[in-house]
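Beneath this line is the structure, given in structure tokens, with notes to follow.
Chain A is the first sequence line, chain B the second, and so forth, proteins listed ahead of strands; every chain is numbered from 1. These numbers were taken from a predicted model, which means no experiment stands behind them. Reckoned from all heavy atoms, side chains included, excluding hydrogens, waters and symmetry mates.
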Amino acid sequence: MAGWRTTEEQDKFSREAIVHLDHLYRVARYLVEEPDEAHDLVQETYVRALGSYEQFTPGSNMKAWLSRILYNFFFDHYRRKKRWVLIDDSSIDDSSKDEEYRSDYWEKVPAENPGPESHLLANELTTKITDALRKIPEEFRLPIVMVDMGDFSYAEAAEILACPVGTIRSRLSRGRRLVYSQLKGYVGVQDKGREKK
Amino acid sequence: MKCEEARELITALVDDELTHVERSSIEAHLDDCPRCQWAYQQERVLKREIHRTGLDVSAPADLKRQILTRHGILPVEAESLSGWSKIALTFRPFLRPALGLVLVLLVLLPIIYLVRPHSQPISLAALEIQEKIAGGQISLRKATSQIELRDWQTRAVDGKFAPMEYDLSSMHVRPIGGLVQEINGRKILVTVYTGNDMSVTCFTFLGTEEDAPKNATTFFDTAKQIKFYTFSKDGLNAVFHREGDVICILASKIPVNDLLALARKTEPA
């Protein structure tokens with residue numbers, strides 16, 4: 001754990017830490033409701049990280065370390081406030097009915113070589129996904145944010161969120177189905193995707 | 001295997017997080033179950049779209065400025081006085097000979113400067129990179145994700161600065177790749193955006209407004225309090241501006257006024 005003790009090393013640490021600003025802000029935006037809160041959450045994360053930089057093990061995963069600090073601060077200070085509006089996930093029909101996977105809308109969205117029209121649709125899809133993520137319970141949303149947006153492995157996500165790896169896998173599976181169920185056909189693949197491997 | 005049992009395995013297959021045994025098991029099931037094969041394809045697409053959605057969120061420029069200022073995170077060139085004091089103390093025995101060397105250099109350097117062939121400004125040299133990319137002489141590192149590209153470029157300059165990024169998604173223009181080049185010992189981060197039948201290249205490097213070409217046309221944006229320099233070379237238009245120690249040049253074949261409007265209108269992401 002010892003390390004980063006000189007001013008030069010501290011400066012190097014700071015510069016490396018700032019590289020992960022966008023990632024931290026992204027996670028924060030999906031943790032709290034208001035942009036100002038995300039702003040504060042990220043600011044405080046850097047205060048804590050740079051104030052305890054000597055606890056970081058050089059060579060380990062700084063992005064994961066910073067994410068853990070951000071999540072811990074959120075857990076300690078924001079969970080007492082009003083939480084996300086939770087939906088009753090048991091009421092969501094996310095069963096794997098074939099007809100749910102079909103989408104006439106998707107037929108308009110080429111997966112490759114998107115043109116101007118598809119960009120418009122892609123932007124709409126981005127909004128839909130953002131809305132869907134914000135509606136699902138936090139315990140399902142966070143693994144998605146960490147793994148799908150943060151590119152963390154299950155093990156890294158489990159360490160950040162302080163839960164078993166198996167929980168990450170099950171919540172991801174459930175969480176993605178919850179998101180999918182709210183997209184109402186915006187995400188899909190064309191019939192060629194049904195071909196056997 | 002029942003389809004219900006396959007659900008989590010499909011998720012882990014999408015994420016490449018399966019053991020060898022699990023992978024064999026689920027792949028065998030997918031071969032026999034069109035419904036789960038369909039679910040697998042859907043989940044792959046969903047993961048890709050969620051990842052893409054995440055890329056649309058980046059920290060506001062004012063947040064970055066606040067954090068940099070609050071914690072004194074500065075480029076190496078602007079290190080603190082105490083840091084210099086420590087260095088001076090460490091090298092005190094060598095100060096006198098070093099001072100003599102500096103005096104000699106002060107005499108020699110102007111002479112060397114006068115006799116050597118003058119190289120073109122870095123801003124014009126940067127545009128040659130664009131020509132080399134277009135001519136296939138140098139290839140881009142493909143952007144698997146904007147974050148990965150930015151992290152790679154930032155690491156290439158030891159975190160001293162990051163590539164200036166633009167959100168041109170409203171114009172359907174997105175980053176496709178980048179590279180790091182060195183001109184006269186100075187590193188330049190190059191990011192290429194394409195889409196909608198146009199291409200814009202962003203060059204980012206540390207410098208001052210002295211790096212703008214002497215014959216550039218200047219434009220002062222009173223609202224942003226930023227001076228923009230426009231210039232052209234071999235059919236390529238460019239807009240140069242400075243934010244702190246970081247210089248950004250946007251280069252494209254689109255008309256220079258359109259490019260200037262783009263640089264002025266677009267807040268760095």
Side-chain angles (χ1 to χ4, degrees), chain A residues 7-8 11-12 14-26 29-30 35 39 42-43 46-47 50 96 98 101 111 114-116 119-120 122-123 125-126 129-130 133 144-145 147-151 153-154 169-170 172-174 176-177 179-180 183 186-189 193-197, chain B residues 3 7-8 10-12 14-15 17 27 30-31 34-39 41-47 49-60 63-64 66-68 70-74 76 79-80 82-83 86 145 147-148 150-151 154-155 158-160 162 169-170 172 195-196 269:
Chain A
T7 303
E8 186 181 332
D11 288 346
K12 185 182 173 192
S14 300
R15 289 195 293 268
E16 287 185 16
I18 205 69
V19 168
H20 303 294
L21 174 60
D22 281 346
H23 161 73
L24 294 175
Y25 183 75
R26 191 171 298 132
R29 281 298 285 120
Y30 284 98
H39 209 279
V42 173
Q43 285 262 29
Y46 276 100
V47 168
L50 301 180
S96 303
D98 278 356
Y101 291 133
H119 275 297
L120 186 67
N123 288 342
L125 177 59
T126 295
I129 289 175
T130 302
L133 277 170
I144 292 175
V145 171
V147 173
D148 291 350
M149 291 185 174
D151 294 328
S153 67
Y154 284 6
R169 183 161 98 171
S170 62
L172 261 176
S173 183
R174 176 75 170 153
R176 285 183 186 150
R177 290 201 303 277
V179 170
Y180 188 92
L183 296 180
Y186 273 74
V187 170
V189 293
R194 303 187 69 169
E195 293 167 0
K196 285 187 177 183
K197 286 173 65 106
Chain B
C3 293
R7 282 183 166 182
E8 284 188 22
I10 288 173
T11 295
V14 168
D15 294 321
E17 291 266 2
E27 285 180 347
L30 292 182
D31 283 343
R35 180 173 151 175
C36 285
Q37 173 65 230
W38 185 239
Q41 298 290 353
Q42 294 294 300
E43 194 162 334
R44 281 181 58 197
V45 173
L46 179 63
K47 178 182 172 73
E49 294 302 330
I50 291 174
H51 182 79
R52 192 176 292 173
T53 297
L55 294 179
D56 281 356
V57 180
S58 56
L63 173 61
K64 184 172 184 180
Q66 284 172 22
I67 292 172
L68 290 173
R70 182 173 182 176
H71 299 287
I73 304 172
L74 299 171
V76 170
E79 285 188 342
S80 66
S82 61
K86 286 178 184 174
S145 81
I147 297 173
E148 184 266 338
R150 182 201 317 131
D151 287 353
T154 307
R155 278 198 303 274
D158 299 326
K160 291 175 187 173
S169 56
S170 63
H172 318 306
N196 205 13

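Partners of A/His20 according to the ring-ring contact (aromatic ring centres under 6.0 Å, His included) rule, which considers only residues two or more places apart in sequence or in another chain, do not exist here. In this structure, B/Glu17 has no salt bridge (charged side-chain N to carboxylate O under 4.0 Å, His left out) partners at least two apart in sequence or on a different chain.
The closest donor-acceptor contact from the side chain of A/Arg15 to the backbone of B/Lys160 lies at 3.5 Å or more, if one exists at all. A side-chain donor-acceptor contact under 3.5 Å links A/Asp22 to the backbone of B/Ala59.
Using a 4.0 Å cut-off between charged nitrogen and carboxylate oxygen, B/Asp158 and A/Lys12 do not count as a salt-bridge pair. Salt-bridge annotation for B/Asp15 and A/Arg176: present, with a side-chain N of the basic residue lying under 4.0 Å from a carboxylate O of the acidic one.
Here the OG1 atom belonging to A/Thr126 is positioned 9.5 Å from the CG atom belonging to B/Leu55, to the nearest 0.5 angstrom. From A/Gln43, atom CD reaches atom CD of B/Gln66 across 5.0 Å, with rounding to the nearest 0.5 Å. Taking OH of A/Tyr46 as the reference point, atom NZ of B/Lys64 lies at 9.0 Å (rounded to 0.5 Å). Of the inter-residue distances, the one linking A/Leu183 atom CG with B/Gln42 atom CD reads 10.5 Å to the nearest 0.5 angstrom.
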Steps toward side chain to side chain contact (heavy atoms under 4.5 Å, CB included) verdict (B/Asp56, A/Thr130): CA-CA 10 Å; B/Asp56 281 356; A/Thr130 302; over 6 Å; no

CA sep, side-chain torsions, deciding dist, call: B/Arg7, A/Arg177, side chain to side chain contact (heavy atoms under 4.5 Å, CB included): CA-CA 10 Å; B/Arg7 282 183 166 182; A/Arg177 290 201 303 277; 3.2 Å; yes

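Comparing A/Asp148, A/Asp151, A/Ile18, A/Leu24 by how many heavy-atom pairs each has under 4.5 Å with chain B, the most go to A/Asp148.
When all heavy atoms are compared, the tightest approach of A/Ile129 to B/Glu49 is CD1-CB, 3.5 Å. Between B/Val57 and A/Arg26 the shortest heavy-atom distance is O-NH2, 2.9 Å.
Contact annotation for B/Arg44: neither backbone nor side-chain heavy atoms come within less than 4.5 Å of a heavy atom of chain A. A/Val47 touches chain B through backbone and side chain together, each having a heavy atom under 4.5 Å away. No part of B/Ala162 comes within reach of chain A, as not one of its non-hydrogen atoms sits under 4.5 angstrom from that chain. If you measure heavy-atom distances from B/Ile147 to chain A, the contacts under 4.5 Å come from the side chain alone.
Side-chain contact between B/Val45 and A/Tyr180: absent, with no pair of heavy atoms (C-beta onward) separated by less than 4.5 Å. Using a 4.5 Å cut-off on side-chain heavy atoms (C-beta onward), B/Arg155 and A/Glu16 make no contact. A 4.5 Å side-chain heavy-atom check between A/Leu172 and B/Glu8 finds every atom pair outside the cut-off.
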